[in-house]
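Working notes, beginning with the structure itself.
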Amino acid sequence: MLLVTGGAGFIGSNFVLSSVAGTGEALVNLDKLTYAGNLRSLDPLRGDARHVFVRGDICDRALVADLLKRHRPRAIVHFAAESHVDRSIAGPAEFVQTNVTGTFCLLEEARSYFEKLSPPERERFRFLHISTDEVYGSLGPQDPAFTETTPFAPNSPYAASKAAADHLVRAYHHTYGLPTLTTNCSNNYGPHQFPEKLIPLMIRQALAGEPLPVYGDGQNVRDWLYVGDHCDAVRLVLEKGKPGETYNIGGESERANIDLVRTLCELLDRARPRSRGRYAELVTFVKDRPGHDRRYAMNIGKIRRSLGWAPRESFESGLEKTVRWYLDNIATHFARPEAA
Ligand SMILES: NC(=O)c1ccc[n+]([C@@H]2O[C@H](COP(=O)([O-])OP(=O)(O)OC[C@H]3O[C@@H](n4cnc5c(N)ncnc54)[C@H](O)[C@@H]3O)[C@@H](O)[C@H]2O)c1
């Protein structure tokens, strides 16, 4: 069985649902249920003995130790984090607490658990840390995409806290021999994302006839990956990745924010036309985020060559699926009381 952290969040819940459906392997899901966690995302697993949900904090070392002892997982898959850059600018303390201290607590308990395993169990054990492309900083328009050896240059408190966690994970492999794996992924999109992030925010605003706020000149470029493809990559790295290695994951789909928003508007125009006008008329440029990174792009050559992974969903097909999902789930997803 697996111990998954943050499995009620956006990517974590997609991972939990697709793993139970695909591999059938049981998992313990440790999640604090912050504003970003949503148990309703896991409704399809209600009453399913393969999914054990535990509400708790990754910083609670006694709880983590107890879960490891009781469930004896073959791996820890660590998604739990504070993940929103804007929130990290307004209040960085929580980011240091969960992303740095929380990862440290998990590593310490994993180390102590690992040391007590039998040799065959040790051989199999993995600690998989989910990280982001934001640790590498920002690219100019002509710069080559980030590789696994690009020096870290985090620019936001969020990115810095993730970079710190990545360094700790690396050190636990080198110092203690903990069989760690790190994945650094680009921007994800898909079902179950909290509506503070670009795509669900725009869909929610558009459907409400409210302005679509786009930062600065809208020319910030992100590399978009459908969440299902990310989850497949995580499972592959877990099974086939080499301990101590890091793997970049991305969609090879660079889009400027304004182009993404315009595409979303066109999809909505087709799927749910407004009574008058077009959704793109709602686009409003707003004051830029401080220190806003200009461009991210991932070179995914390593995971492609060594593990044979490539994204399956194109940007167009993934976005269409995503819009469909939000339209089908407006009532439940956007009506979350915390979705202010
Ligand atoms: N969303 C993206 O585009 C993206 C891209 C690359 C990497 N990542 C990384 O993937 C991971 C998941 O991202 P997401 O977008 O699903 O985040 P999210 O904010 O949607 O979910 C985070 C989950 O972690 C839980 N959590 C927060 N603090 C916790 C704590 N102290 N103890 C236990 N649980 C806690 C929350 O309740 C929530 O369910 C993060 O590590 C993030 O840095 C995200």
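Start at 1 with the first residue, then count along the sequence. In listed order, ligands and their atoms are each counted from 1. Being a predicted model, the structure only gives us computed values, none of them experimental.
For a threshold of 3.5 Å applied to N or O pairs, the pair formed by Cys185 and ligand 1 contains no separation below that value. Where the criterion is an N or O separation shorter than 3.5 Å, residue side chain and backbone included, Asn188 meets it with respect to ligand 1. Taking distance alone, with nitrogen or oxygen atoms compared against 3.5 Å, Tyr158 approaches ligand 1 more closely than that limit. Between Asp57 and ligand 1, a contact under 3.5 Å exists for at least one N or O pair. For Ser131, no nitrogen or oxygen atom sits less than 3.5 Å from a nitrogen or oxygen atom of ligand 1, counting backbone and side chain alike. Polar contact with ligand 1: present for Ile11 (N/O pair, distance under 3.5 Å). Geometrically, ligand 1 and Gln193 share no nitrogen or oxygen pair separated by less than 3.5 Å. Considering backbone and side-chain N/O atoms, Thr98 comes within less than 3.5 Å of an N/O atom of ligand 1. Residue-to-ligand polar distances place Ile58 within reach of ligand 1: an N/O pair is separated by less than 3.5 Å. Inclusion of Ala80 in the set of residues having an N or O under 3.5 Å from an N or O of ligand 1 is not warranted.
The shortest separation from a heavy atom of Phe79 to ligand 1 is under 4.0 Å, placing the residue in contact. Under a 4.0 Å heavy-atom criterion, Cys59 is not in contact with ligand 1.
Near Lys162, meaning under 4.0 Å from any of its heavy atoms, are these atoms of ligand 1: 40 (C), 41 (O), 42 (C), 43 (O).
Regarding atom 37 (O) of ligand 1, its nearest protein heavy-atom neighbour is Asp31 OD1, 2.6 Å.
The salt bridge (Lys or Arg N to Asp or Glu O under 4.0 Å) analysis of residues 124-150, with sequence neighbours excluded, yields no pairs.
For the pair Arg204 and Tyr326, the cation does not sit on the ring face, since its NZ or CZ is not both under 6.0 Å from the ring centre and inside 45° of the axis.
With a 4.0 Å cut-off on non-hydrogen atoms, Ser186 touches ligand 1 through its backbone and not its side chain. When heavy-atom distances to ligand 1 are checked against a 4.0 Å cut-off, Leu33 comes that close only through its backbone atoms N, CA, C and O.
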